[in-house]
Amino acid sequence: MSALFPIPQAVDPTSSQDTPHPGQGRGRRTPSPEELLDGLNEPQRAAVVHAGSPLLVVAGAGSGKTRVLTRRIAWLISERKAHPGSILAITFTNKAAAEMRERVEDLVGRRARIMWVSTFHSACVRILRKEIDKFGYKSSFSIYDAADSKRLMTLVLRDLDLDPKRYQPRAVLNWVSTQKNELVDEEKATANAKNHLEETYAEAYTIYQRRLREANALDFDDLIMTTVHLLQAFPEVRETYRRRFRHVLVDEYQDTNHAQYALVRELCADEPGAETGGADRVEPSELMVVGDADQSIYAFRGANIRNILQFEEDFPNARSILLEQNYRSTQTILNAANSVISRNKGRKPKNLWSDAGDGDKITGYVADDEHDEARFVSEEIDKLTDAAKAKPGDVAVFYRTNAQSRVFEEVFIRVGMPYKVVGGVRFYERKEVRDALAYLRMLVNPADEISLRRILNVPKRGIGDRAEACVEALAQRERLTFWDALRRAEEAPGIASRSLNSIRAFVDMVDELQSMVDAGERADVVLEQVLARSGYLKELEDSDDPQDETRVENLAELVAVAREFADEPVSGPSVDPADTDAPPPGLGDFLERVALVADSDQIPDQPEGGDDNGVVTLMTLHTAKGLEFPVVFLTGLEDGVFPHMRSLGDQTELEEERRLAYVGLTRARERLYVSRAVVRSAWGAPAHNPASRFVDELPVDLVDWRRTEAAQTSWNRPVMPSLPQRNAGGVTRRFGTAAIRADSAAKAKGTREIPSLDPGDRVLHDSFGMGTVVSLDGAGDNAVASIDFGSEGVKRLLLRYAPVEKL
DNA sequence: GAGAACTTAATTTTT
DNA sequence: TTAAGTTCTC
């Protein structure tokens with residue numbers, strides 16, 4: 001757990017090409033123009049030197065877009081004399097940001113440090129910390145992650161007395177998130193509501209926002225939306241940032257949502273008429289966006305491919321540059337990827353090519369089950385390492401969902417293969433880590449009710465539900481924050497005197513800790529004091545639950561992370577050197593950093609030669625975006641797994657899955673493996689999945705099948721009246737004891753019965769909410785219903801699996 | 001108020 | 001299968 005933070009370090013092996021003078025990058029270098037263009041092809045050079053109009057770089061996988069971005073920034077500073085502080089570069093992850101900063105620094109020296117290179121979210125936080133007082137927030141606002149948001153929404157829904165079955169926090173939050181990504185605030189959402197469901201959602205949205213505000217907190221989506229609103233509401237603020245950022249560069253533009261697009265526009269768009277044409281008029285900033293529509297894989301969280309497809313319309317007289325030469329993979333791998341992605345409709349044709357030669361064929365393997373598949377992968381890695389063809393650190397294993405990592409872990413542990421799972425149950429989502437952070441957040445921002453109530457009785461200190469409810473009642477009656485109500489708990493009617501004593505002790509402890517924070521104490525010291533004084537650590541240490549041992553270790557790790565942070569030089573990424581009044585990084589800065597880390601920020605840095613052979617990296621396909629590995633295993637290629645079951649009935653979603661496959665295939669440099677399991681256990685019972693359609697889309701002559709389904713013994717194969725059809729939801733369960741068990745379990749639950757539906761019926765779906773049946777196809781197990789879920793759109797659902805209930 | 005025992009729901013992807 | 005949430009019991 002050492003790479004939780006983007007510690008600047010070259011990871012991409014190709015980065016060495018960009019550091020021709022190692023050790024010399026610290027000073028104030030002035031590279032020659034030739035040096036900055038060295039090794040670039042024509043279109044790449046054009047992108048680096050382009051000046052003036054908005055620029056779209058369509059960068060196919062592995063076409064060197066990161067090089068183009070870093071060289072361009074260096075070019076701006078070095079050749080066009082741009083002030084580094086006038087550059088805003090947006091990347092997808094913190095890690096990518098740190099890498100980019102490092103590489104530019106290698107080219108032009110330390111002055112590059114004051115560029116803003118960050119994610120959208122970090123950049124917005126930075127702006128908001130400075131400006132959000134204009135909206136009545138305090139600059140110490142908390143950032144709520146998904147779990148905090150869910151907790152808060154649960155409270156809101158409870159307050160509204162809504163049936164928790166009908167209105168699940170997740171579903172409501174998804175809806176709210178969509179609104180925010182579209183820059184629809186709670187008032188507009190209320191006005192837009194077209195039916196009862198939307199009215200209810202809008203009401204929840206309104207109260208949710210009110211409580212966020214009372215807690216002086218913003219959720220992830222608020223960070224972007226509020227920044228846009230700020231720039232729109234205060235023209236002088238907007239002018240400040242427009243004048244400041246003369247160069248805006250956005251990476252992964254295909255994954256931006258509407259709010260992010262609007263933010264870019266606020267900063268960069270030319271605006272006829274807004275100014276009177278006087279001397280005050282600010283020339284629009286230079287904008288460059290880089291992306292690849294074929295790698296757009298975040299539509300589910302609001303990303304809008306239209307942003308990249310219609311860039312030329314959005315920004316008149318924009319120029320486009322296409323990068324098609326791939327410097328990463330063999331031609332075999334590229335042909336496979338091209339073949340798959342070409343099945344998507346309505347895409348701009350693009351053909352990646354490489355002069356790296358054909359290389360090895362793709363290796364295919366059909367496993368009996370997921371254990372067999374994992375064993376195959378591990379044995380294959382063994383063979384490669386024994387033959388010195390690869391080191392564990394060269395290898396990545398990809399899968400569609402995090403749950404699939406378990407089998408690989410089991411096998412890898414058994415055979416002693418070093419590995420690291422990226423993502424999954426993340427460090428910062430562990431209970432003990434979240435508890436510790438909740439303490440810290442509530443110290444910095446006592447209005448943060450969610451954090452405060454999370455730890456109010458953790459460890460147990462005799463402040464139970466009863467007492468908590470009394471305090472909350474007091475808070476609501478007196479219009480106090482929960483914390484202020486706690487301080488005046490003796491006024492709460494009906495509160496037990498025993499609870500009152502506990503509350504007093506708690507308040508005293510918090511007061512003491514808060515005075516430490518106010519005194520500017522280091523984050524790690526505060527954290528240690530929190531763990532000690534709250535008794536949290538002691539409770540874990542005294543426990544005989546073996547799980548609690550690892551919890552203690554995780555907390556020690558968190559303290560170490562805090563210490564590392566506190567020891568950082570003052571010019572950390574979140575401190576603006578241009579701000580002379582910027583205080584040294586404190587607890588608040590630490591929490592901010594922690595709130596914005598992503599899975600991909602923890603990808604292990606590959607060792608630079610030496611004896612260390614690195615570790616195999618396991619991750620989801622989504623996390624793999626932007627990375628590359630000499631050896632890639634693409635696993636679980638089964639219809640229902642990948643493409644995921646929920647995408648099978650929907651053309652748009654299926655195309656997104658296909659883009660995901662394209663991303664996965666193009667991560668490989670030399671060797672690519674594709675595998676699937678005939679039988680895979682999914683929540684208890686084994687399921688029999690047909691081959692992924694993406695396998696069929698690979699050119700046959702490119703794949704060398706090490707083992708095929710025909711190699712299975714006959715009793716292992718499905719003996720079914722109708723063999724699995726390649727249709728929407730071609731997922732079949734095998735007959736046999738397991739299937740019977742699954743069926744009886746389903747019956748016992750009473751929800752897995754296939755509902756008999758007719759067009760016009762009203763239904764309730766677990767995540768889409770209420771809908772109306774439009775039409776039905778098929779019968780029995782294969783029955784598929786088209787259901788209109790209003791704002792969620794019309795979905796085709798396989799009734800056998802879809803969590804729908806007839807109303 | 002706390003812990004045990006039970007039920008139930010969820011399994012897509014994440015800044 | 002597992003985790004999280006709810007109810008029950010002391």
Side-chain angles (χ1 to χ4, degrees), chain A residues 90-97 118-125 143-147 149-151 154 164-165 168-170 174 177 180-181 218-224 252 255-257 259-260 296-303 398-407 422-426 428-429 431 457 459-469 496 498-499 502 595-601 619-625 636 640-648 653 656-657 659-660 663-664 680-687 741-742 745 748-752 766-767 801 803:
Chain A
I90 303 288
T91 59
F92 201 64
T93 63
N94 297 300
K95 188 176 180 88
S118 65
T119 61
F120 270 109
H121 294 266
S122 306
C124 287
V125 169
I143 301 168
Y144 277 9
D145 68 12
S149 302
K150 190 176 161 210
R151 232 179 152 92
T154 307
K165 276 229 155 73
Q168 293 177 335
R170 272 262 193 82
N174 277 342
S177 175
K180 290 182 177 179
N181 287 339
L218 283 81
D219 68 16
F220 276 135
D221 300 311
D222 282 334
L223 295 177
I224 315 284
E252 308 285 10
D255 284 323
T256 51
N257 61 35
Q260 292 164 338
S296 161
I297 54 173
Y298 285 105
F300 70 91
R301 81 176 198 223
F398 299 155
Y399 35 77
R400 178 63 178 80
T401 65
N402 280 125
Q404 290 166 251
S405 71
R406 260 191 54 187
V407 207
V422 179
V425 192
R426 300 201 285 281
Y428 288 104
E429 277 172 21
K431 180 185 176 299
N457 201 30
K460 300 269 178 286
R461 50 172 72 91
I463 310 174
D465 299 343
R466 204 342 139 36
E468 191 183 336
R498 213 170 81 191
S499 309
S502 308
L596 297 172
V597 291
D599 278 351
S600 43
D601 293 328
M619 68 181 105
T620 66
L621 285 152
H622 282 86
T623 312
K625 193 179 70 162
V641 175
F642 183 38
H644 193 270
M645 210 164 66
R646 286 168 83 148
S647 70
L648 290 176
E653 287 182 42
E656 177 144 318
E657 297 280 312
R659 290 193 291 270
L660 198 52
V663 167
R680 180 180 298 274
S681 298
W683 63 97
R741 186 154 47 85
K749 272 205 262 179
T751 53
R752 278 287 171 255
D766 286 1
S767 40
Y801 290 102

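A note on names: the letters A, B, ... follow the listed sequences, proteins ahead of strands, and every chain is numbered from 1. A quick note: this is a predicted structure, and the numbers were derived from the prediction, not measured.
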Atom [atom1] of [X] to atom [atom2] of [N]: distance rounded to whole Å?
{"X": "A/Lys95", "N": "B/dT15", "atom1": "NZ", "atom2": "P", "result": "13 Å"}
{"X": "A/Glu657", "N": "B/dT13", "atom1": "CD", "atom2": "P", "result": "11 Å"}
{"X": "A/Arg461", "N": "B/dA2", "atom1": "CZ", "atom2": "C1'", "result": "15 Å"}
{"X": "A/Arg406", "N": "B/dT12", "atom1": "CZ", "atom2": "P", "result": "17 Å"}
{"X": "A/Leu223", "N": "B/dT14", "atom1": "CG", "atom2": "C1'", "result": "14 Å"}

Q) Which one, B/dT12, B/dT15, B/dG1, comes nearest to the side chain of A/His121? A)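 Selected nucleotide: B/dT15.
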Q | Per A/Lys150 side chain, nearest of listed nucleotides B/dT14, B/dG3, C/dG5 | A |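 Output: C/dG5.
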Q.
So, under a plain 3.5 Å distance rule, would you say the side chain of A/His644 forms a donor-acceptor pair with the base of B/dT12?
A.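 No.
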Q: Would you mind telling me which residue lines up with the more 5' stretch of DNA chain B, A/Arg466 or A/Arg170, judged by nearest nucleotide?
A: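 First, find each residue's nearest nucleotide; the 5'-ward one identifies A/Arg466.
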Q.
Using OP1 and OP2 only, check whether a side-chain N or O of A/Ser118 sits under 4.0 Å from B/dT15.
A.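 Result: no.
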Q. Centres of the A/His622 and A/Phe300 rings: under 6.0 Å?
A.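 Between A/His622 and A/Phe300, the centre distance is under 6.0 Å.
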Q: Determine, using ring centers only, whether A/Phe398 and A/Phe642 are less than 6.0 Å apart.
A: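 Aromatic pair excluded; centres sit 6.0 Å or further apart.
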Q: Taking atom P in both B/dT13 and C/dA4, compute the distance separating them and give it to the nearest angstrom.
A: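 15 Å, rounded to whole Å.
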